[in-house]
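One structure is given below, encoded as structure tokens.
Remember, predicted model here, so these are calculated numbers, not experimental data. Both backbone and side-chain heavy atoms feed into the values below; hydrogens, waters and symmetry mates do not.
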Amino acid sequence: MKKPLRRSATFLSALLLLWSLSGCAAFPPSEGGSSPQPDAGTDAEIPAGMDFTFTNRELDGSWQEEAATLISFSSSGISVQGNGASVSGNRVTLSAAGVYVLSGSSPEGQVLVEAGAGDKVQLVLNGLTLSCSDHAPLFIRQADKVFVTLAEGTQNVLTGGKAYSLPEEDGQVDGVIFSRADLAFNGNGSLSVTAAGTHGIVSKDDLVITSGAYTVTAAGDGLQGKDCVKIRDGSLEIQAGGDGIKSNNDEDADRGFVYLEGGRLTIEAATDGIQAETVLRAAGAALDITAGGGSQNASTDSSGSLRPGWGVWTSSGAETADSTSAKGMKAGQLLLVEAGTIVVDSSDDALHSNGGLTVSGGSLTLASGDDGIHADATAAVSGGDLTITRSYEGIEGSDVLISGGVIRLTASDDGVNSAGGNDGSSVNGRPGQNTFQQGGSHTLRITGGFLSVNAGGDGLDSNGSLFIEGGVVLISGPTNNANGALDYEQTGEISGGVLIAAGSAGMAVGLSASSTQNSFMYGYSADQPAVSRLTLTDESGTVLLSWAPEKVYQNVVISTPDLALNTSYLLYSGGEVSDTGTEGYTSAGTLSGAQKVADITLDSVSSVLGSAGGMGAMGPGGMGNRPGSLDDRPGDMGGEPPEDRGENLPGGMEGNPPGDRGNRPGGQA
């Protein structure tokens, strides 16, 4: 649906009537190479200082025992063979560069790294089990960089207590593994981290994982890398009472990013699955993320009550510090999905960016209690295979560009929405609110790809103009007359591609007369049943297009490059087509068993035919272009004052203030 802040007074009246890097050290690239700097899309450039490579030493988990210092924990104390380590009670302190092999078990033990500021330290966990109730079991107070290697075939366990008793100099330690230096994990063993009252693994600089198997269970966040989190490979299972993975440096434009080149990650987080303060880039990992209890949870808790503080916003629409977010993947500036397999089930947006967002590849399956994909700036899809199984709005951004890929989406409100302004308040169980960047044209542009939309609200909704220039667009639009398969504020033009937009008739609109490709809107005299095939042929019976909308429909807008003026076509209902096509759509094959509905002859570039009623009967083109008086619109709406219509509006809109779309829980977008 449209955003009230973008509506004119005339439209509002009609509506009431109807109802994560320079801080990540720029090490030389690995011999195998990492992904090149990507094209960041139309809204933002990736800062030049961000490093998405991995060093040879980060990748290499080898070590030589004969050159290492051996440290063993036991019930009788800590034994040391070699140099650079000293023991005090249940703590071993490592004070020099080198390789240290750690093994054994202690119910109250600690490893402290306090080396020189330029020292590199390798810790080999070789069957180590440590618990520490009042401090981090592994604490890196100072070093240049620490490599944690999981010895092949070993199981290692680190456990932290609920509350730490810290000296003043350690007052910020809040992880089971806590590092003030760059921290890299590798090796082919396993590591289990349990944080009863803190975060799991925390680095105040870089956090890098290139191999190994990890299980992290944390009361707070699972993984934190302030400057960056980079994952090349490995297996991670994270259960977090906060965010699953986070990079939160907001002081340097080159830092605060998350880069996922590979690996298999399963994340269950109470708040965000993955959060990057700046850039979140997924370039090949396999992700399975559940955030905030999943899409069925929305903003409510298990009892159905609204979560305290969920989506707290200022009057200007800015998110406040105490706002709670349960998004699947969230970026502060730019979110890029380039490859990999991503499954997200989130209470809040599945993919969210406070700036731009681009999907250029990969396989994505998203379910959300709010938006499937949201970008404050441009949301762009240029490739990949994207399925949104559940959402409030499927894809939304200040501007939306679809140029490639295969997209299938289901939305209880708008399918694809280019919008402006702010979402409304978090009421009626809506999990969160989004803002959009100021300015912009709020254009929805489709130049290629395959898009299939099942929407309870508007199928395609632009608060500016709608342009279809290529691709295949299939819309199973609304069944209620307060919405339409197409909705745009300024102009809706088609110059290429295929469009079949089926839905209700009350707010149906066709395409603008300024289009350069012919189209027609046809109104049926009776409802067409769900999954009843719609087929258009030429006079000889050659199938031009055929598809079965998923819901009951009364009105359809059709455009294909094959349509010509003053030429006869035949519109059919039902039957079968021999060519199965893609997602039930085909432009080939032989039609059989269908019933002819109408002979179609186009008399203009945007023809209105049949019983096309509602708003569309007054001519195609957005609300601002529709001729006719509101008093002439169907439904006997002429003389009824707006304040008396609440009880008849869809979606329980009574009591909603002007500017609220009503049947959208919590706002407009």
Please identify each residue that fulfils side chain to side chain contact (heavy atoms under 4.5 Å, CB included) with Ser592, with sequence neighbours left out.
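Once residues adjacent in sequence are excluded, the partners of Ser592 under the side chain to side chain contact (heavy atoms under 4.5 Å, CB included) criterion are Glu576.
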Using atom types as modelled and distance alone, determine if a side-chain donor or acceptor of [X] lies under 3.5 Å from a backbone N or O of [Y].
{"X": "Tyr569", "Y": "Ala564", "value": "yes"}
{"X": "Asp288", "Y": "Thr266", "value": "no"}
{"X": "Asp538", "Y": "Gly541", "value": "yes"}
{"X": "Lys330", "Y": "Ser353", "value": "no"}
{"X": "Asn463", "Y": "Ala419", "value": "no"}
{"X": "Thr586", "Y": "Ala588", "value": "yes"}

Does the side chain of Ser546 come under 3.5 Å of the side chain of Arg533 through a donor N or O and an acceptor N or O?
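Yes, because at least one side-chain N or O of Ser546 sits under 3.5 Å from a partner of the opposite role on Arg533.
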Report yes or no: do Asn454 and Ser476 form a side-chain donor-acceptor pair below 3.5 Å?
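Judged by distance alone, the side chains do not pair up.
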In plain terms, say whether Asp385 and Arg408 are close enough for a salt bridge, that is, a side-chain N and a carboxylate O under 4.0 Å apart.
yes
Is any NZ, NE, NH1 or NH2 atom of the basic residue among Asp272 and Lys327 found under 4.0 Å from an Asp or Glu carboxylate oxygen of the other?
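Looking at Asp272 and Lys327, the cut-off is not met.
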Evaluate the side chain to side chain donor-acceptor pair (under 3.5 Å) criterion for residues Ser573 and Gln595: first the C-alpha distance (whole Å), next the side-chain angles of each, then the deciding distance (0.1 Å), finally the verdict.
CA-CA 5 Å; Ser573 180; Gln595 179 178 358; over 6 Å; no
How many angstroms lie between [atom1] in [X] and [atom2] in [Y], if you round to the nearest 0.5 Å?
{"X": "Thr447", "Y": "Ile402", "atom1": "OG1", "atom2": "CD1", "answer": "9.0 Å"}
{"X": "Thr387", "Y": "Leu366", "atom1": "OG1", "atom2": "CG", "answer": "8.0 Å"}
{"X": "Gln517", "Y": "Leu511", "atom1": "CD", "atom2": "CG", "answer": "9.5 Å"}
{"X": "Ser368", "Y": "Leu409", "atom1": "OG", "atom2": "CG", "answer": "12.0 Å"}

Heavy-atom pair with the smallest gap, counting every atom of Leu444 and Asn417:
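Taking Leu444 first and Asn417 second, the nearest heavy atoms are CD1-N, 4.5 Å.
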Met521 to Asn555 - nearest heavy-atom pair and separation:
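Result for this residue pair: CG-OD1, 3.3 Å.
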So Tyr553 and Tyr524, would you call those rings parallel, tilted or perpendicular, with 30° and 60° as cut-offs?
perpendicular
